[in-house]
Amino acid sequence: MDEVKMVVAHSERATLRIGDVFLKVDADQARIDVEVKAMTLAPVPTPEVLWHKPPVLAIAAVPGTALGRLGEPSAASPAAWAAAGATIRRLHDAPLPPWPGQASRGLDELAADLHRECEWLVTNGVLPADLVTRNRQVAEVALRPWTPVFTHGDLQIDHVFVDGDGITGIIDWSEAGQGDALYDLATLTLGHEEHLGDVVTGYGTDVDLDVIRAWWSLRSLLNVRWLVEHGFDPFAPGCEVDVLRSRL
């Protein structure tokens, strides 16, 4: 019998791997529904859906290895990073999905979220006030109008799989929907600024690098509390807090 491996687990969801099958159990059925719909619509490589019986989704493992890990140097080639950029461009050029997605929050909601999280970080002594203030200033550059595109919504580096210089699959689509294209590019390159140029080269169009850097700060500021409360460590080397420190 294949070994059962816990990939991730917290109060909202859990993912187990049994051989080449991943079982995703989610307390929020809507997230699973979005994931299945998004993988059906996305014009990029995605995992094969084996079966779907709420609250469980079974998907096949995609070949290859993750583009990298947050907090670790990426072993992938510049060409693989460029291929990731080209793949993201195909997704962003696709017709919009018929649901908003997590990355489509309005500017007022994002500004309110930013204010709340910055207050929490300082009031609770999680981060120094000057670090929060500087990153808040950087983050506010991302709070501008954008044209919605089909976004992955959680395009972390370990959600993109490669084999050599090619993309073999993108996983974890539960946050997909309409959103800001630069949010996806920023999420992919968070903590890996050295590969931003490769990704933009593959993406194949002019992008505002200042907005991508702003999303690095904004995403990190918004995520620190969630990570702490769900048993993850944003203070690990190369992770969210180091991203914030790099803006000073």
Side-chain angles (χ1 to χ4, degrees), residues 5 7-8 15 17 19-22 24 31-32 34-50 57-97 101-103 148-207 209 211-212 215-216 219 238:
K5 179 181 178 181
V7 179
V8 64
T15 301
R17 180 170 187 167
D20 288 332
V21 176
F22 286 87
K24 306 186 73 171
R31 276 196 296 253
I32 293 290
V34 164
E35 183 153 11
V36 173
K37 292 175 184 176
M39 289 190 293
T40 300
L41 295 174
V44 300
T46 63
E48 177 189 359
V49 175
L50 301 176
L57 170 65
I59 59 175
V62 298
T65 58
L67 187 63
R69 305 285 178 189
L70 185 61
E72 301 175 9
S74 170
S77 68
W81 281 87
T87 302
I88 298 166
R89 180 61 186 271
R90 290 201 301 275
L91 176 66
H92 292 171
D93 285 344
L96 287 172
Q102 292 296 315
V149 300
F150 190 160
T151 57
H152 179 280
D154 191 24
L155 198 64
Q156 300 180 56
I157 184 175
D158 56 353
H159 290 169
V160 179
F161 281 70
V162 299
D163 185 5
D165 296 336
I167 304 302
T168 57
I170 299 178
I171 66 171
D172 285 1
W173 290 82
S174 61
E175 308 295 330
Q178 301 176 24
D180 181 6
L182 299 189
Y183 177 77
D184 269 354
L185 296 178
T187 302
L188 179 66
T189 55
L190 183 78
H192 288 83
E193 186 169 0
E194 70 277 10
H195 291 293
L196 177 58
D198 300 323
V199 170
V200 171
T201 295
Y203 194 74
T205 188
D206 292 336
V207 298
L209 299 182
V211 173
I212 290 179
W215 271 120
W216 289 340
R219 179 182 170 94

W173 vs K37, side chain to side chain contact (heavy atoms under 4.5 Å, CB included): CA-CA, chis, key distance, verdict
CA-CA 9 Å; W173 290 82; K37 292 175 184 176; over 6 Å; no

Under the criterion side chain to side chain contact (heavy atoms under 4.5 Å, CB included), I'd like the reasoning laid out for L185 against V199: C-alpha separation, chi angles, the key distance, then a yes or no.
CA-CA 8 Å; L185 296 178; V199 170; 3.8 Å; yes

Could you give me the CA-CA distance, side-chain angles and deciding distance for Q178 and F150, then say whether side chain to side chain contact (heavy atoms under 4.5 Å, CB included) is met?
CA-CA 5 Å; Q178 301 176 24; F150 190 160; over 6 Å; no

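Between L57 and M39, the closest heavy-atom pair is CD2-CE, 4.4 Å. Among all heavy-atom pairs drawn from R90 and P43, the shortest one is O-CG, 3.6 Å. Of all non-hydrogen atoms in A176 and A38, the two that sit nearest each other are CB-CB, 3.6 Å. The two residues Y183 and G153 come nearest to each other via the heavy atoms CE2-O, 3.3 Å. For the pair A61 and R17, the tightest heavy-atom approach, listed with the atom from each and the gap, is CB-NH2, 3.7 Å. When all heavy atoms are compared, the tightest approach of S74 to L67 is OG-O, 2.7 Å.
The closest side-chain heavy-atom distance from P45 to I170 is not below 4.5 Å. Between E175 and E35, every side-chain heavy-atom pair lies at or beyond the 4.5 Å cut-off. Annotation: side chain of W81 is in contact with side chain of L188 (closest heavy-atom distance under 4.5 Å). In this structure, the side chains of T46 and I171 stay at 4.5 Å or more apart for every pair of heavy atoms. The shortest distance between side-chain heavy atoms of I88 and T151 does not fall below 4.5 Å. In this structure, S174 and V34 have side chains that are not in contact, with every pair of non-hydrogen atoms separated by 4.5 Å or more. The closest side-chain heavy-atom distance from I167 to F161 is not below 4.5 Å.
For the atom pair CH2 of W215 and CG of L182, the computed distance is 9.0 Å after rounding to the nearest 0.5 Å. With rounding to the nearest 0.5 angstrom, the CD atom of E48 is 10.0 Å from the CD1 atom of I59. Residue L190 holds its CG atom at 8.5 Å from CD of Q156, rounded to the nearest 0.5 Å.
Between T65 and the choices D163, V162, T168, D158, the side-chain contact (heavy atoms from CB on, under 4.5 Å) rule is met once, by V162. When the options D184, D180, T205 are evaluated for a side chain to side chain donor-acceptor pair (under 3.5 Å) with H92, the one that passes is D184.
In the model, W216 has a side-chain atom that pairs as donor or acceptor with a side-chain atom of T189 under 3.5 Å. For H159 and D172, the side-chain atoms include at least one donor-acceptor pair closer than 3.5 Å. Side-chain contact, D165 with S77: a donor N or O sits under 3.5 Å from an acceptor N or O.
A donor-acceptor pair under 3.5 Å is absent between the side-chain atoms of H195 and the main chain of D198, judged by distance alone.
Taking a cutoff of 4.0 Å between a charged side-chain nitrogen and a carboxylate oxygen, R219 and D154 qualify as a salt bridge.
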